[in-house]
Amino acid sequence: MATLHEYSNANPISKKYNKNMTEEENLENQDLEDVEAEEVDDLGVDMPDIPLPSEEEPEEVIKDEFTSAYKFAIVGVGQGGSRLAETFWKLGYRRVAAINTAAQDLKPLKIPENNKLLIGGSGAGKNREVAKEIFQSHREDILDFLKNVFKSDFDRVLVCIGAGGGTGAGGGPIVVEIAHDLCESFGIETSDFQAKVGSIVALPTKAEGSRVISNAKETTDALINFCNNGTLSPLVILDNERIKQIYPRLSVNKFWNTANTSICSLFHLFNKVSAQDSEYTAFDKADLDTVLSSGIISFGAVPVRMKEEEVQETDISYAVRDNLKKNILANIDVASGKVASCVVIGDRGILDNTPQEYLEHGFEQLSRILGDNSTVHRGIYHTSKKGLVVYTIIGGIEAPEQLFK
Ligand SMILES: Nc1nc2c(ncn2[C@@H]2O[C@H](COP(=O)(O)OP(=O)(O)OP(=O)(O)O)[C@@H](O)[C@H]2O)c(=O)[nH]1
Ligand SMILES: [Mg+2]
């Protein structure tokens, strides 16, 4: 039997070939058909100029330069805030934006020019109110700018602020609100109580004077209020005064770099580790989420100092306690925390020769410090770097009564 293809080829002249007509009649008929076809080809009307929807182009996606549990979008407001954001860029984060009211503060940042937004233009001169006005009147510009820099593929936003100035202090809380609008428009936040917007705020040193301290107070209070309402999480309160005490004699240019790198690297470490498997104990994405959603959080990192060649039980417990004391974050009562993550990272030699219960005792000690009903997520990972380091995040910390002494 002929195939459909063979059958249609067998009669190439016309689909309307009529076997009851002569060949001549059929050819005539064919000519008529061609005329009809020509007429149909040329409608004889001008095509109206209707704008037709073009095919949808796939949206550009921004990717970080590493694999992590969460895709953070980071925006720095004011000079200090922007330098914190720039530090994330250096670590490989690519959804990084900076906003300022003074061009000279944006210029030195080593992030792409398109990731910088200048509003106002002549600074805020340490005046929160001036900054507030400028940010309020540019809400839509800021929203469009952030949409353009971050695109839609991210999980959380972090707003970085130096609390003592004008621009960061006045504009930062407004950018937090805009970040919520952004998350809502992309469907990242679906309810008011599922905050996907957090903040890193830096408190000034004592030497910066009373105007700066009063700015910092008002801004930090506003952020703590957001946190108490459940609309901001996490909130990391970085204390520049403590950095001065923990790393004395740092030169001016190293000071900010040390402050910024220490906090951003810790953030990054937890974000990366929670995306990795461990042959010991893995700390996972859900563990990190509980901490990131718990309000005020504090980070710490302390190397385990071994008094002898092998790790002793007390070495780890000591490191856990030391970790809580020696951090660069504000003088907050970590014991009020409700949830913690403790990750021990060490070289294989040490890990394989350290009894599991020594590590367990360290984790249990953290649970005891936090008190009843607290949760401590744990993780143990190996690395090629020699030594053993204890990293912690404590979350759900109560707002400090007195941040500034
Ligand atoms: N951790 C950290 N804090 C910083 C850094 N730079 C400034 N700060 C702190 O941030 C506070 C605000 O300073 P700036 O960020 O320069 O101020 P601004 O937000 O640009 O505000 P104006 O210049 O007054 O409009 C200061 O009081 C410093 O304590 C930084 O790189 N890292
Ligand atoms: Mg400035």
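Heavy atoms only: backbone and side chains are in, while hydrogens, waters and symmetry mates are out. All ligand and atom numbering here is 1-based and tracks the order in the structure.
- Between the NZ atom of K90 and the CG atom of N260 there is a distance of 8.0 Å, given to the nearest 0.5 Å.
- Looking at L238 against ligand 1, only its side chain comes within 4.0 Å, counting heavy atoms.
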Side-chain donor-acceptor distances from residues 179-188 under 3.5 Å, at least two apart:
| unit_1 | atom_1 | unit_2 | atom_2 | d |
| --- | --- | --- | --- | --- |
| H180 | ND1 | E189 | OE1 | 2.8 |
| H180 | ND1 | E189 | OE2 | 2.9 |
| H180 | NE2 | T231 | O | 2.7 |
| S185 | OG | L182 | O | 2.9 |

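- Heavy atoms from both the backbone and the side chain of T167 come within less than 4.0 Å of ligand 1.
- Results of the salt bridge (charged side-chain N to carboxylate O under 4.0 Å, His left out) test with D153 over R94, K71, K147, K63 single out K71 as the only residue that passes.
- Of the listed options G168, G165, C160, G168 places a heavy atom closest to atom 19 (O) of ligand 1.
- Between H268 atom NE2 and T87 atom OG1 the span is 12.5 Å, to the nearest 0.5 Å.
- With ligand atoms numbered from 1 in the order given, ligand 1 contributes 27 (O), 29 (O) to contacts under 4.0 Å with heavy atoms of P204.
- The side chain of R83, and not its backbone, has at least one atom closer than 4.0 Å to an atom of ligand 1 (non-hydrogen atoms only; side chain from C-beta on).
- The part of E208 lying near ligand 1 is the side chain, judged by heavy-atom distances below 4.0 Å.
- Q194 and T190 form a side-chain donor-acceptor contact under 3.5 Å, judged by distance and modelled atom types alone.
- Summarising the local packing, CD of E279 is surrounded by more than 12 heavy atoms from other residues, nucleotides or ligands at distances under 6.0 Å.
- Only protein atoms were considered; those of element N, O or S under 2.8 Å from the Mg ion (ligand 2) number 1.
- Here K338 pairs with E398 under the side chain to side chain contact (heavy atoms under 4.5 Å, CB included) rule; sequence neighbours left out.
- Exactly one of L238, V77, I161 qualifies for a side chain to side chain contact (heavy atoms under 4.5 Å, CB included) with L84. That residue is L238.
- Atoms of ligand 1 lying under 4.0 Å from at least one heavy atom of A124, given by number and element, are 25 (O).
- For the pair R156 and Y70, the cation-pi test (distance below 6.0 Å, angle within 45°) is passed.
- Residue A202 touches ligand 1 through its side chain alone, judged by heavy-atom distances below 4.0 Å.
- Under the rule for a side chain to side chain contact (heavy atoms under 4.5 Å, CB included), the partners of S341 that lie at least two apart in sequence or sit in another chain are F270, F283, V291, H377, I393.
- Nearest to atom 16 (O) of ligand 1 by heavy-atom distance, out of R211, E241, Q79, is Q79.
- When the options G162, G78, G166 are ranked by their closest heavy atom to atom 21 (O) of ligand 1, first place goes to G166.
- Within 6.0 Å of NZ on K272 lie no more than 12 heavy atoms contributed by other residues, nucleotides or ligands.
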